[in-house]
Amino acid sequence: MNRHLPIGIIVLVLMVCVAAMLFVGKRSESEARRAERAADVAAAHAADIAVLGEPLESDPEFKHPELDHPELRHPEPEHAEPDRSPIPDTVSASGVRESVVPDEHPPSPEEVLADRISALLEELVRIGMVPDFVEDSRGVAVVDELMHLHESGLSVEDQARIVAAFDLALNRSLARPASKSQIYDAIAEALGRCGHAGAAVLLRAYTNKRRFKVKPMWEPLRGRLLRNIGRCKVEANVDFLLQEARRNLASPLQAAAGDALGCYERSPHDVREKIVFGLVVSFGTISELAEQGRQHGLKDAGQILLVIQGAWISTLRRLTGRDFTTGRAWAAWYRQNRGQNW
């Protein structure tokens, strides 16, 4: 029995191999039949396409039956979704990416002008407080641009804003020394074109003797203030200017005040006659003392005459239309023509 055992095992193995071969053969036959049927279907489908014009699989619109399952389809929205594309952006000078949002309502020219004025006023006030006054040259340029805008025609409110900023920079900013008065000079010249409001600021500065001291080093600026007070042509300031011209102890300021009075050449006759009378009387007195070699107050009359006569004669010519070169000649003419309309 033991001798026949290996033979039985061999027979069993052979039977298993035969069964496996039969199974594989049947499966291959089945796959061949399916392939043959698929080929027939494809041929029929191609025939239908040729007749009906239906899309081929190579057509992008073709949907394969196995891929057209409802769970595999992309859902189609019932309504078109809004455009969610990102807003275009730019890169600023500092390297920071900034979104650019289109402005649906661009500013009007009036708004652009108001914004520009505000920016200039803020810059002027800031410059007035900069230590060491290193930006004063820029301040002068700001003043010039503001006056250009002022003369181009601004609203009353914008004009008032400009004068208020000038007042702040002239009278309440960090005090400059007399050697660094360029921004004061520019503001004084600008205020001379601002009428009553400008005259008030200039007068406030001139009478502030703690800020703009009564010393020779400050006389150029103080003289500029006087001349621009006259340029504002406020007749209420005539008495003040006439007093400065006749009584100030500094000859340059006497000359500046006399020059400022010439701005009233178009004022009524009574205003002009008041000015002419005051200047002629003082001019005659100083001229007579100068001829005698005497003093006028604490100064030599001849030195005073040299400083004031050019400005005073110019003003008298503008107010009267006459032309004389000496105090004596002006006094003689006035005695003969006093009260007349010239």
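The residues of the chain are indexed from 1 along the displayed sequence. Predicted model only: the values in this text are computed from it and were never measured.
The side chain to side chain contact (heavy atoms under 4.5 Å, CB included) test with Leu202 is passed by exactly one of Thr207, Leu226, Ile187, Leu225: Leu225.
At a threshold of 4.5 Å between non-hydrogen side-chain atoms, the residues Ser287 and Trp330 do not count as touching. Contact of the Arg138 side chain with the Glu123 side chain is registered, since non-hydrogen atoms from C-beta on lie closer than 4.5 Å. Side-chain atoms of Glu189 and Asn228, non-hydrogen and from C-beta on, do get closer than 4.5 Å to each other. Using a 4.5 Å cut-off on side-chain heavy atoms (C-beta onward), Phe283 and Leu305 make contact. Taking 4.5 Å as the limit, some side-chain heavy atom of Arg231 sits within range of a side-chain heavy atom of Cys263. By the 4.5 Å heavy-atom criterion applied to side chains, Leu279 and Leu242 are counted as neighbours. For the pair Arg116/Val112, no side-chain contact is recorded, criterion being any heavy-atom separation below 4.5 Å from C-beta on. The side-chain heavy atoms of Lys209 and Trp218, taken from C-beta on, include no pair separated by under 4.5 Å.
The minimum heavy-atom distance between Ala169 and Arg211, with the atom names listed, is O-NH2, 4.1 Å. Between Pro177 and Phe133, the shortest heavy-atom distance links the atoms CD-CE1, 3.5 Å. Smallest separation of non-hydrogen atoms from Phe324 and Ala329: CB-CB, 3.9 Å. Nearest heavy-atom pair, Met147 versus Ala190, reported as atom, atom and distance to 0.1 Å: CG-CB, 3.2 Å. Contact record, Gly258 with Thr315: O-OG1, 2.6 Å, taken as the closest heavy-atom pair.
Distance check, rounded to the nearest 0.5 Å: CD1 of Ile117 to CG of Leu113 gives 4.0 Å. The distance from the CG atom of Asn171 to the CG atom of Leu168 is 9.0 Å, given to the nearest 0.5 Å. In this structure, CG in Leu241 is found 9.0 Å from OH in Tyr206, a value given to the nearest 0.5 Å. Note: Leu124 CG to Glu145 CD = 11.5 Å, rounded to the nearest 0.5 Å. We find the NE2-CD1 distance between His296 and Ile286 to be 4.5 Å, quoted to the nearest 0.5 Å. Taken to the nearest 0.5 Å, the CZ atom of Arg222 stands 9.0 Å off from the CG atom of Asn208.
Tracing side-chain contacts under 4.5 Å through hydrophobic residues (I, L, V, M, F, W, Y), one reaches Met217 starting from Ile183; they form part of the same cluster. By the criterion of side-chain heavy atoms lying less than 4.5 angstrom apart, applied directly or through intervening Ile, Leu, Val, Met, Phe, Trp or Tyr residues, Ile308 is grouped together with Phe277 in one hydrophobic cluster. Cluster annotation: Val163 and Val140 are assigned to distinct hydrophobic clusters (Ile/Leu/Val/Met/Phe/Trp/Tyr, side-chain heavy-atom contacts under 4.5 Å, transitive). Hydrophobic clustering (side-chain heavy atoms under 4.5 Å, transitive across Ile, Leu, Val, Met, Phe, Trp, Tyr) keeps Val125 apart from Leu149.
No donor-acceptor distance shorter than 3.5 angstrom exists from the side chain of Ser173 to the backbone of Leu170, with no hydrogens or angles considered. Within the 3.5 Å criterion, the main-chain N or O of Phe212 finds no donor-acceptor partner in the side chain of Tyr184. The backbone N or O of Gln292 lies less than 3.5 Å from no partner atom in the side chain of Arg294, so there is not a single donor-acceptor pair. When atom types are taken as modelled, the side chain of Gln340 and the backbone of Asn337 share no donor-acceptor pair closer than 3.5 angstrom. Asp300 contributes a side-chain N or O that, together with a main-chain N or O of Gly302, makes up a donor-acceptor pair within less than 3.5 Å. At least one donor-acceptor pair closer than 3.5 Å links the side chain of Glu273 to the backbone N or O of Gly339. Side-chain atoms of Arg318 never come within 3.5 Å of backbone atoms of Glu265 as a donor-acceptor pair (strictly under, hydrogens ignored).
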Item to check | Arg193/Glu151 under side-chain contact (heavy atoms from CB on, under 4.5 Å): CA gap, chis, key distance, verdict | outcome: CA-CA 9 Å; Arg193 291 175 274 177; Glu151 294 181 341; 2.9 Å; yes
Next on the checklist: Applying side-chain contact (heavy atoms from CB on, under 4.5 Å) to Leu154 and Ile162, what does each step give before you reach the verdict?
Outcome noted: CA-CA 10 Å; Leu154 297 178; Ile162 290 175; 3.6 Å; yes
Next on the checklist: Applying side-chain contact (heavy atoms from CB on, under 4.5 Å) to Val280 and Trp333, what does each step give before you reach the verdict?
Outcome noted: CA-CA 10 Å; Val280 165; Trp333 172 85; 5.8 Å; no
Item to check | Asn341 and Arg272: CA distance, side-chain angles, deciding distance, side-chain contact (heavy atoms from CB on, under 4.5 Å) verdict | outcome: CA-CA 10 Å; Asn341 188 14; Arg272 290 186 288 115; 4.1 Å; yes
Considering only distance and modelled atom types, tabulate donor-acceptor pairs under 3.5 Å from the side chains of residues 232-240, sequence neighbours left out.
from   : atom 1 : to     : atom 2 : distance (Å)
Glu235 : OE2    : Ser267 : OG     : 3.2
Asp239 : OD1    : Lys274 : NZ     : 3.2

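By the 4.0 Å N-to-carboxylate-O rule, Arg204 lies close enough to Asp167 to be salt-bridged with it.
Counting non-hydrogen atoms of other residues, nucleotides and ligands closer than 6.0 Å to NE2 of His269 gives a total above 12. Counting heavy-atom neighbours within 6.0 Å of Asp132 CG, excluding the residue itself, gives a total of 12 or less. Counting non-hydrogen atoms of neighbouring residues, nucleotides and ligands closer than 6.0 angstrom, the CG atom of Leu249 reaches no more than 12 such neighbours.
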